[in-house]
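Notes to accompany the following structure.
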There are 2 protein chains.
Amino acid sequence: MPRRRVTQADVAALIGVSQATVSFVLSGRTPSGVRISAETRQRVLDAIRITGYSANPVAQRLAGGHNQILGVFTYETTFPSGGRDFYGPFLIGIEHAAEQIGVDLLLFTSARVVEGSRRLTTSGWQRLGIADGCLLLGQHEEQAELQHLLDTNYPFVFVGRRESEGGRLPYVGADYLSGTRRAVLRAADMGHRRIGYVGARTSDQPTRDRLAGYQAAVADRGLHPTYIESVDTARVVAQIAEQSLSAVLLAPENDPDELRLALLEMRIRVPEDLSVLLLGQPHHRLPGPTRWSGFTIPREQMGSRALLLLSHLAGTLYAGTSSPGSPVLGGGRADPDLHQLLECTDVAGETLVPPNGRGGAGTLTRSSTILEPKRTHA
Amino acid sequence: MPRRRVTQADVAALIGVSQATVSFVLSGRTPSGVRISAETRQRVLDAIRITGYSANPVAQRLAGGHNQILGVFTYETTFPSGGRDFYGPFLIGIEHAAEQIGVDLLLFTSARVVEGSRRLTTSGWQRLGIADGCLLLGQHEEQAELQHLLDTNYPFVFVGRRESEGGRLPYVGADYLSGTRRAVLRAADMGHRRIGYVGARTSDQPTRDRLAGYQAAVADRGLHPTYIESVDTARVVAQIAEQSLSAVLLAPENDPDELRLALLEMRIRVPEDLSVLLLGQPHHRLPGPTRWSGFTIPREQMGSRALLLLSHLAGTLYAGTSSPGSPVLGGGRADPDLHQLLECTDVAGETLVPPNGRGGAGTLTRSSTILEPKRTHA
DNA sequence: TCAAGGCAATTATGCGCATTATTAGCAGCT
DNA sequence: AGCTGCTAATAATGCGCATAATTGCCTTGA
C-alpha cells in the first residue's frame, strides 16, 4: 500500500494505458472525437477497483472539472448561539439531500462580516470557486454582489424567493402569498370579519408576499384590511383593541408568546377574544406550549429542493461511473424549474376559533375599557 | 476588469516581477535562501491591493499548501431531523471559531453510510485531503480508520475524549470524570447515602469516565455503589425502589422526563422522594420544563477549542500577510495541548434536595408497596 | 499500390500556486 | 584579473486532472 494516494497515472500504469484514458473512462465524456473501446474501458474500471482509486477533488476542480462540493453561504451566522436557530431546519434538508446525491458541503464561514452580515466581497468571492456551486441563504444580499454572481455565470440558488428582472435568480422559496391568503380565508370562513395583519414594515420578499396575500384575500371577502406595525408590543395590543379585531395574522418576526401575555394584561384572551394565525415559524426563541394556528414554512424541504436544483445547475450529477454521459456544459439547460415555490403547511392549532359570541367581534365593551394603554411606549 | 479571476501571474506582470516573487511575498516564507527586498515586497503588496488579488484555494492546496479549509466529519448525520440535534451546540462553537480565524468549513456529507454511521473508507478518505485538517465528531469510529489517519500524518482532532496508546489521538473533551465525581459529592454532602448510577453499559469513553468518577467518589465517601442498567424504564424504577435509593445519577442517554413519569406511577416523586442528577444534557428530545440538577457539557466551547487546536496542528494560521514567517511544517510542534479536558458546568437545578425526612432514605414503607411493578417489561 | 477515412488511443498542455534549483549582478579581496 | 561571497531575484518543475491536438493503425475503395 503506497502512502501516497493513488492517482489516475497509477491506475493507468497498472494496465499500460495513458492517464488521459483513465480520465476519459471516468468522466464518460469524450469531447474531441476520442473513443475508448469497451474492452479498455472495462480494464480501466477493474484497475480502479483494484487500486481503490478515487479522484482528487482539488485537482479535479483546478483542471476545470466538478468536484462534488456544493457551497452554503449564509448571510448571517449559520448557527446562532442565542435562542433557536433559524437556519437549522434548512440545513437539515440540505444535508439530507447532500447525502443522497453524494456531495460534500462547504460552509463559507470565512467571509468578512460587515455590519453584522457576511459579505460576498472580492475575497469572499474567490473562495466560492472551490465549490461547484453555491446555496445562498439569508435576507441581506446586495444588488451588486448578485450582479457579479450572474455575470460570472457561477451556479447558485437562493433559498427563499427572490424577484429579479428577467427572472434570472434561481430560487426555491415558500409560497407565503397563498399561505397567507388561505389563513385569511380560514378565519373569514369561520365568521371573522375584522382580521388584522401584524408585522414589520420591511421590504423583504417574504413580507411583501405576505402582505400581498393578505390584501388579496381580504379584498376577495369584501373585508377591510388593517395593518399593524409591530415595533412595540404594547402599541400592537392597543391597536388590536382599538380596531376591535377578532383575529390577527402574525408575521414570524413577532414573538407570539410575548404578545399573548401582553394581550392578557389587557384582558384579551387568545383565542377566546382574539384568534391568532401565525404566518410561519416565529423567528424568536424556542416554541412554547401553545399550538398556534396558521401555517409553517417547509424549511427542510426547501433546503433539500434547493440543493437538488443547485446540483442540476452545477452539473454535479454524474456521480459514480454509471450514466453514459449526460451533457454537463452550459448552465441548467435541463428541465429543473429555476423558480420553485413550495406550499406552506397549514396548521390547525388551537388559536383559531369562531369569533366571540358567534356574532363577530363582541369587543365593543371590552375596547372601551382598553383604549388608553397603561404602558408608555418608548 | 477581467472576467477571469486575478492570478499571481497577473499581479506579477503588473509590476514586472515573476510569479514566484509574488508567491514568496504572500507566504512570507523563503525556504531556499530566497530573498525579497523590502522595496519589492512593498510593490508586490501594492499591486495585490490594486488588483484585488486573492489566492485560489484550490490551486494552493494542489500545490501542497494550505487553503484555510477545515473539515468536519460526523459519524452520524450532522443535522438529525428527529428531535433535538446532538451536534448543533458543537457546530455553533465550531462555526464561531472558524469565523474568528477565518477558515471555511467542509462538511463531509458524501461519506458512505454503513450500518447507520458514516465511514471513513478509502473513498471517503481521499476527500479529506481537500481540507487542511479535519474535526471528528461521534462515537462510532473504527480502530482501523484511526490507524490510517495517524499513518498518513493528516491533521485531525477528536471532539470528545479518546484514549489511545501513546496518547497519539488529539482531542478536546469534557471532563466527565470529575463532573460526575462532583455530582456524587454534592449529593453526599447533602446527606444522601444511597446514591445510584443509572446508565447504559456501553464501552464508549464518556460512559467509562462517568463510571470511573462515580466509583471514585462513592469510595471516597465510604458509600456503596449501585449500578442500574437503563434498558427498560420500568425495571429502572423497580430497582431504584428495591435499593431504596435516595438519589440517582442519570447518564444522558436516559430520558429524564420519561423516568420521572414512570417514577410517579410508583409514587416516587422527584425530588421529594428521589433526588436526580443529570450527567450531561439528555440526548433525547427537547428539554422539558424541569430544571434538572447535575452538570452540562460545554459543547460549544468544546467545538471552538477543538477547531482552534486543529488549526494549530494544520498550520492554518498565517492568515493575512502579517507575520514574518512562522514555521508551518511538521505537525503541531508548538505548545497547544494535544489533549484538552474542559470542565463540565455544574447546574444547581431543582431536582437535588436533602434526602426525605432528613434521615436518609425514609423509603422503607414506600418500597414495600412498590416492589412489584405493574408494567411488564418486554 | 496508395489515398481516404474511421477507430483507439496517446501526447501535450494548462489550471494557479509552492518550491527548488539556478542565475545575474555586484562588492570585496588577493 | 580572477575568485569568493553575498544579495535579489528568476526559471523550472510538479501537484492531479480535464481536454484539445495529434498519432498510429487498420480497413476500405479506386
Side-chain angles (χ1 to χ4, degrees), chain A residues 2 4-13 15-44 48 51 53-69 126-127 129-130 132 315 318 325 328-329, chain B residues 2 4-13 15-44 48 51 53-69 126-127 129-130 132 315 318 325 328-329:
Chain A
R4 215 171 47 80
R5 46 190 304 163
V6 183
T7 71
Q8 289 188 351
D10 297 330
V11 174
I15 55 173
V17 298
S18 71
Q19 172 262 318
T21 302
V22 176
S23 177
F24 285 134
V25 169
L26 241 15
S27 71
R29 288 180 258 161
T30 49
S32 57
V34 176
R35 334 241 86 186
I36 307 288
S37 67
E39 192 219 329
T40 302
R41 171 185 301 274
Q42 194 51 53
R43 285 174 56 220
V44 169
I48 287 173
T51 56
Y53 166 84
S54 158
N56 177 338
V58 175
Q60 262 180 318
R61 188 67 185 162
L62 185 59
H66 300 279
N67 62 1
Q68 316 295 108
I69 296 180
Q126 305 266 48
R127 306 219 110 226
I130 304 170
D132 290 343
Y318 63 79
V328 194
L329 311 171
Chain B
R4 215 171 45 82
R5 46 188 307 164
V6 183
T7 71
Q8 289 188 350
D10 297 331
V11 175
I15 55 174
V17 298
S18 71
Q19 172 261 319
T21 302
V22 176
S23 177
F24 287 133
V25 168
L26 240 12
S27 71
R29 289 181 260 158
T30 48
S32 58
V34 176
R35 336 240 82 184
I36 306 287
S37 68
E39 193 221 327
T40 303
R41 172 185 302 273
Q42 194 50 54
R43 286 174 55 219
V44 169
I48 286 173
T51 57
Y53 167 83
S54 157
N56 178 339
V58 175
Q60 260 179 318
R61 187 68 185 162
L62 185 60
H66 299 278
N67 63 2
Q68 317 296 107
I69 296 180
Q126 306 267 47
R127 306 220 113 225
I130 305 170
D132 290 344
Y318 64 79
V328 194
L329 311 173

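Throughout, a chain's letter reflects where its sequence line sits, starting with A, and its residues are numbered from 1.
- In this structure, B:A55 and B:R5 approach most closely via the heavy-atom pair O-NH2, 3.8 Å.
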I'd like a list of close polar pairs between nucleotides 4-9 of chain C and the protein, N/O only, cut-off under 3.5 Å.
unit_1 : atom_1 : unit_2 : atom_2 : d
C:dA9  : OP1    : A:S37  : OG     : 3.2
C:dA9  : OP1    : A:T40  : OG1    : 2.1
C:dA9  : OP2    : A:S37  : N      : 2.4
C:dA9  : OP2    : A:S37  : OG     : 2.9
C:dA9  : OP2    : A:T40  : OG1    : 3.3

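- Of the inter-residue distances, the one linking A:N56 atom CG with B:R127 atom CZ reads 9.5 Å to the nearest 0.5 angstrom.
- How far CD of B:Q42 is from OG of B:S37: 10.5 Å, rounded to the nearest 0.5 Å.
- Side chain of B:D132 to backbone of B:Q68: a donor-acceptor contact under 3.5 angstrom is found.
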Got a list of protein N/O to nucleotides 15-17 of chain D N/O distances below 3.5 Å?
unit_1 : atom_1 : unit_2 : atom_2 : d
D:dC15 : O2     : B:L62  : O      : 3.1
D:dC15 : O2     : B:A63  : N      : 3.4
D:dC17 : OP1    : A:Y53  : OH     : 2.5
D:dC17 : OP1    : A:N56  : N      : 3.2
D:dC17 : OP2    : A:Q8   : N      : 2.6

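- End-to-end axis angle of the helix from C:dT1-D:dA30 to C:dT30-D:dA1, from C1' rotation axes over five pairs per end: 90° (rounded to 10 degrees).
- When the C1' atom of C:dA18 is taken as reference, atom CZ of B:F24 falls 8 Å away, rounded to whole Å.
- Expressed to the nearest 0.5 Å, how far CD1 of B:I15 lies from CG of B:D10 amounts to 12.0 Å.
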Quick test: give all pairs of protein nitrogen or oxygen and nucleotides 24-28 of chain D nitrogen or oxygen below 3.5 Å, distance rounded to 0.1 Å.
none

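- B:S23 meets the side-chain hydrogen bond (donor to acceptor under 3.5 Å, both in side chains) test with no other residue; sequence neighbours excluded.
- Considering only heavy atoms from C-beta on, B:V11 stays 4.5 Å or farther from B:V17 through its side chain.
- Between A:R43 atom CZ and A:I36 atom CD1 the span is 11.5 Å, to the nearest 0.5 Å.
- Put simply, the side chain of B:Q19 does not reach to within 4.5 Å of the side chain of B:T7, judged on heavy atoms.
- Using a 4.5 Å heavy-atom threshold, the side chains of A:V44 and A:F24 count as separate.
- For B:R35, there are no side-chain contact (heavy atoms from CB on, under 4.5 Å) partners at least two apart in sequence or on another chain.
- In this entry the distance linking CG of A:L26 with C1' of D:dA18 reads 11 Å, nearest Å.
- A:I130 CD1 to A:R61 CZ: the interatomic distance, rounded to the nearest 0.5 Å, is 9.5 Å.
- Annotation: the span from A:R41 atom CZ to A:T21 atom OG1 amounts to 11.0 Å, rounded to 0.5 Å.
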